[in-house]
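The structure appears below as structure tokens.
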Amino acid sequence: TTVTATVTTSSPATTATCSFTVTVKDNEPPTVTCPTPENPYSNDPGKCFASLTFEVEAEDNCGVGSMVYKVASNTISFPYEFPVGSTTVLATVTDIHGNTKTCSFTVVVEDSEAPTVTCPTPDNPYTGECYAELTFEVEDASDNCDIASTTFFVEDEEIEFPYNFPGGITTVVVVVT
């Protein structure tokens with residue numbers, strides 16, 4: 001800002017003028033408070049994420065210019081689909097004069113939805129001398145995130161197919177993870 005000063009004398013009337021520049025620099029960054037997520041959050045039904053919204057509180061002596069939220073190097077907006085697992089958000093607040101302040105917070109989403117499975121329907125009875133060598137597959141297995149494994153058990157022992165089923169009734173337990 002340029003200031004001009006003028007001095008005038010009364011007798012005889014003379015005037016003198018000078019000017020000078022005053023520069024005020026804002027070097028104070030904004031104050032920033034990141035939210036504290038109430039971890040863990042459950043996934044949205046049928047999805048492998050939770051759609052959530054968070055807001056950083058920011059103030060500045062001259063005014064907040066912008067707020068940017070990033071996950072890794074990607075700029076995000078809210079609501080954001082936080083994937084199952086742990087996600088860190090970096091918030092950067094910039095005031096109207098370019099001063100910045102950052103904070104970060106971590107959101108944890110748990111997959112609280114069990115997979116579904118349809119077991120095979122054996123064509124009982126099977127014939128054989130003392131056993132029948134058979135192979136079965138689940139008819140349908142699905143999950144909102146992904147299926148990590150399908151495991152078959154007879155009693156407490158994990159089995160693989162083809163399996164030699166002994167004469168009589170054998171119950172197979174299918175575990176989809």
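Below, all heavy atoms of this structure are taken into account, side chains as well, without hydrogens, waters or symmetry copies. Since this is a predicted model, take the numbers as computed values, not measurements.
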Between [X] and [Y], what is the shortest heavy-atom contact and its length?
X: Met67; Y: Ala58; answer: CE-CB, 4.0 Å
X: Gly63; Y: Asp60; answer: N-OD2, 3.1 Å
X: Ile96; Y: Cys62; answer: CD1-O, 3.3 Å
X: Ser104; Y: Thr88; answer: CB-CG2, 4.2 Å
X: Glu133; Y: Pro162; answer: CG-CB, 3.6 Å
X: Cys145; Y: Val84; answer: SG-CG2, 3.7 Å

Taking C-beta and beyond as the side chain, do [X] and [Y] meet within less than 4.5 Å on heavy atoms?
X: Ile159; Y: Phe153; value: no
X: Leu90; Y: Thr102; value: yes
X: Leu52; Y: Val107; value: yes

Does Glu139, at its CD atom, have more than 12 non-hydrogen atoms belonging to other residues, nucleotides or ligands within less than 6.0 Å?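 Result for CD/Glu139: enclosed.
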
Just wondering, more than 12 heavy atoms not from Asp156 lying within 6.0 Å of its CG?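 Counting other residues, nucleotides and ligands, CG of Asp156 stays at 12 neighbours or fewer.
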
Parallel, tilted or perpendicular, judged at 30° and 60°: which one describes the rings of Phe165 and Phe161? parallel

Assess the side chains of [X] and [Y]: does a donor N or O sit below 3.5 Å from an acceptor N or O?
X: Asn99; Y: Asn27; result: no
X: Asn43; Y: Glu113; result: yes
X: Thr106; Y: Ser86; result: no
X: Thr116; Y: Asp143; result: no

Pairwise distance [atom1]([X]) to [atom2]([Y]) - rounded to 0.5 angstrom:
X: Lys101; Y: Glu28; atom1: NZ; atom2: CD; result: 10.5 Å
X: Glu81; Y: Cys48; atom1: CD; atom2: SG; result: 11.0 Å
X: Thr170; Y: Tyr163; atom1: OG1; atom2: OH; result: 6.5 Å

In terms of hydrophobic clusters joined by side-chain contacts under 4.5 Å, are [X] and [Y] together?
X: Val172; Y: Val117; answer: yes
X: Ile147; Y: Val175; answer: no
X: Val68; Y: Tyr80; answer: no

Test item: Asn144 side-chain N/O and Lys47 main-chain N/O as donor-acceptor pair under 3.5 Å: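 The answer is yes, because a donor-acceptor pair under 3.5 Å joins these two groups.
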
Could you please spell out the steps behind the ring pair (Phe, Tyr, Trp, His ring centres under 6.0 Å) verdict for Tyr41 and Phe82? CA-CA 10 Å; Tyr41 295 89; Phe82 286 89; 8.1 Å; no

Residue pairs passing the ring pair (Phe, Tyr, Trp, His ring centres under 6.0 Å) test where at least one lies in residues 12-36, sequence neighbours excluded: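 Non-adjacent pairs meeting ring pair (Phe, Tyr, Trp, His ring centres under 6.0 Å): zero.
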
Under the ring pair (Phe, Tyr, Trp, His ring centres under 6.0 Å) rule, what pairs show up with a residue in residues 90-135, not counting sequence neighbours? Phe54-Phe105

Quick one: which of Val93, Asp95, Val32, Val56 gives a side chain to side chain contact (heavy atoms under 4.5 Å, CB included) with Val64?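 Among the candidates, only Val93 passes.
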
Evaluation steps, side-chain contact (heavy atoms from CB on, under 4.5 Å), between Glu157 and Phe152: CA-CA 8 Å; Glu157 183 181 330; Phe152 299 87; over 6 Å; no

